[in-house]
Amino acid sequence: MPDKGFVKGLFLDISPCYDKMNGIISLGQHKRWRRKAIKKADFTKGGRVLDVGCGTGDFCIELERAGLEVFGIDSVSSMLKIAKSKITSLFSILNSQFSMADAHSLPFLDNSFDGITIGFALRHLEIPIFFDEARRVLKPKGKIVILEVSSPKSLLLRWFHRLYLQRIVPAIAYIFCSKTREYAYLHQSYELYMPKQEKLERLFCEKGFSEISTIPLFFGACSIFIATKG
């Protein structure tokens, strides 16, 4: 797991250009991927969903549009400020609830949520500890939905995917927000800290989750992982 202070400082630095870069890096697809993840999760309308590492609130927006009661947490105050502003402008009033919190020690009671979402933040966490906390706060049969970078199965696509993350994304970041080092790290964090699909699925099982499914997106460059509290 990367150093918490380093990761928090990094996201504090990139928060002003985070939305713009998300759109560019994902070729405009990341919001559609979030909508697909929510659809695949099939949350009951009106259910309570916790978005962990909510960043600037894109998952929260789609969850609210789906008719869910949304709670967003993040450890970076500037990200939460942007999230609140975006949701207020879209929905007239701030329906979603936001707070600063640590994903490794969730400030919620046991069996509090019908679902948990986490978008492009899992690799920044101590995953076994987070899974323990996620299972604790989920209701029985509650679902955890993860949207995260993954590796294409095709050798050629895997080579291009690595080139894109390692070389092209930092170059784009330099052009649009002068944050080369920060966006180079985002590739490194995937290489260093994100488990391969088989290992992640095994960890789900070890932590008491079942009905595990993996849905590849964009030729496998990104994936949706869904698991149910057993």
Side-chain angles (χ1 to χ4, degrees), residues 1-15 17-18 21-22 24-26 30 33 37 51-56 59 73-76 79 101-106 116-134 144-174 177-207 209 212 214-227:
M1 174 190 166
D3 178 76
K4 285 184 184 180
F6 171 78
V7 172
K8 186 173 181 178
L10 182 146
F11 280 99
L12 184 64
D13 287 343
I14 67 174
S15 57
C17 61
Y18 187 72
M21 285 300 299
N22 275 354
I24 294 170
I25 292 171
S26 71
H30 74 100
W33 294 340
D51 187 32
V52 174
C54 66
T56 57
F59 237 146
I73 65 164
D74 204 286
S75 61
V76 182
M79 291 284 196
D102 185 348
H104 305 99
S105 181
L106 296 173
I116 291 175
T117 56
I118 178 167
F120 304 108
L122 186 70
R123 64 190 184 275
H124 305 304
L125 303 178
E126 187 68 46
I127 298 173
I129 296 175
F130 167 63
F131 278 2
D132 284 336
E133 280 292 277
I144 180 169
V145 181
I146 299 165
L147 180 61
E148 189 54 270
V149 177
S150 57
S151 183
K153 294 190 180 300
S154 161
L155 187 62
L156 179 61
L157 289 175
R158 192 159 62 245
W159 174 83
F160 180 75
H161 183 240
R162 180 172 291 181
L163 175 69
Y164 182 71
L165 292 176
Q166 194 171 19
R167 301 294 183 188
I168 298 174
V169 167
I172 293 171
Y174 176 76
C177 59
S178 302
K179 298 293 183 183
T180 306
R181 180 183 65 87
E182 291 83 353
Y183 277 89
Y185 166 75
L186 294 182
H187 164 258
Q188 294 165 9
S189 67
Y190 164 69
E191 291 284 342
L192 291 171
Y193 306 117
M194 184 61 196
K196 301 301 181 188
Q197 178 181 331
E198 297 78 11
K199 184 176 180 180
L200 187 63
E201 291 174 350
R202 187 165 61 249
L203 185 57
F204 270 130
C205 290
E206 291 171 359
K207 293 299 180 179
F209 291 91
I212 300 156
T214 301
I215 304 157
L217 303 168
F218 212 66
F219 306 104
C222 180
S223 291
I224 301 165
F225 304 93
I226 302 176

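Computed from heavy atoms alone, side chains included, the values below leave out hydrogens, waters and symmetry copies.
- Y193 places no side-chain N or O within 3.5 Å of a backbone atom of I127 that could act as its donor or acceptor partner.
- Judged purely by distance below 3.5 Å, without hydrogens or angles, the side chains of Q197 and S223 never pair a donor atom with an acceptor atom.
- Between I116 and the choices I146, D51, V52, the side-chain contact (heavy atoms from CB on, under 4.5 Å) rule is met once, by V52.
- Closest heavy-atom contact between G55 and D74: N-OD2, 2.8 Å.
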Distance-only check: which donor-acceptor pairs under 3.5 Å involve side-chain atoms of residues 152-160, not counting sequence neighbours?
unit_1 : atom_1 : unit_2 : atom_2 : d
S154   : OG     : L156   : N      : 3.4
S154   : OG     : L157   : N      : 3.3
R158   : NH1    : P152   : O      : 3.1
R158   : NH1    : K153   : O      : 2.9

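- Residues D102 and S75 fail the side-chain proximity criterion, which asks for heavy atoms closer than 4.5 Å.
- Between the CZ atom in R162 and the CZ atom in R167 there is a gap of 11.5 Å [rounded to 0.5 Å].
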Worked check of side-chain contact (heavy atoms from CB on, under 4.5 Å) between C222 and L147 = CA-CA 7 Å; C222 180; L147 180 61; 3.5 Å; yes
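- In this structure, L217 CG and S150 OG are separated by 7.5 Å, a value rounded to the nearest 0.5 Å.
- Among residues two or more places apart in sequence or in another chain, the side chain to side chain contact (heavy atoms under 4.5 Å, CB included) test is passed with E133 by L106, R136.
- Using a 4.5 Å cut-off on side-chain heavy atoms (C-beta onward), C54 and M79 make no contact.
- Between F218 and S26, the closest side-chain pair of non-hydrogen atoms is not below 4.5 Å.
- Residues satisfying the ring pair (Phe, Tyr, Trp, His ring centres under 6.0 Å) test with F204, not counting sequence neighbours, are F131, F209.
- In this structure, H124 contributes its side chain and V7 its backbone to no donor-acceptor pair below 3.5 Å.
- Checked by atom type and distance alone, the side chain of T117 never pairs as donor or acceptor with a backbone atom of V145 at under 3.5 Å.
- Counting heavy atoms from C-beta outward, L10 and R181 have side chains that stay 4.5 Å or more apart.
- A distance-only check finds a donor-acceptor pair linking the side chain of E148 to the backbone of L122 [under 3.5 Å].
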inquiry  = Would I14 and M21 count as a side-chain contact (heavy atoms from CB on, under 4.5 Å) here? Give the steps.
reply    = CA-CA 9 Å; I14 67 174; M21 285 300 299; over 6 Å; no
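- Heavy atoms only, all atoms of each residue included: Y164 and P170 are closest at O-CD, 4.5 Å.
- Going from atom CD of E126 over to atom NZ of K4 covers 9.0 Å, rounded to the nearest 0.5 Å.
- Closest of all the heavy-atom pairs between V169 and L165 is CB-O, 3.9 Å.
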message = Pair R123, V149 - check side-chain contact (heavy atoms from CB on, under 4.5 Å), show working.
response = CA-CA 9 Å; R123 64 190 184 275; V149 177; 4.1 Å; yes
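- To the nearest 0.5 angstrom, I24 atom CD1 is 10.0 Å from H30 atom NE2.
- Between S15 and T56, every side-chain heavy-atom pair lies at or beyond the 4.5 Å cut-off.
- To the nearest 0.5 Å, the span separating NZ on K199 from CE on M194 amounts to 11.0 Å.
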request  = Just do the side-chain contact (heavy atoms from CB on, under 4.5 Å) check on L200 and T214 with the steps written out, would you?
outcome  = CA-CA 10 Å; L200 187 63; T214 301; over 6 Å; no
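- Remark: I168 CD1 to I25 CD1 distance equals 11.5 Å, nearest 0.5 Å.
- Counting heavy-atom neighbours within 6.0 Å of F219 CZ, excluding the residue itself, gives a total of 12 or less.
- At least one donor-acceptor pair closer than 3.5 Å links the side chain of Y190 to the backbone N or O of S151.
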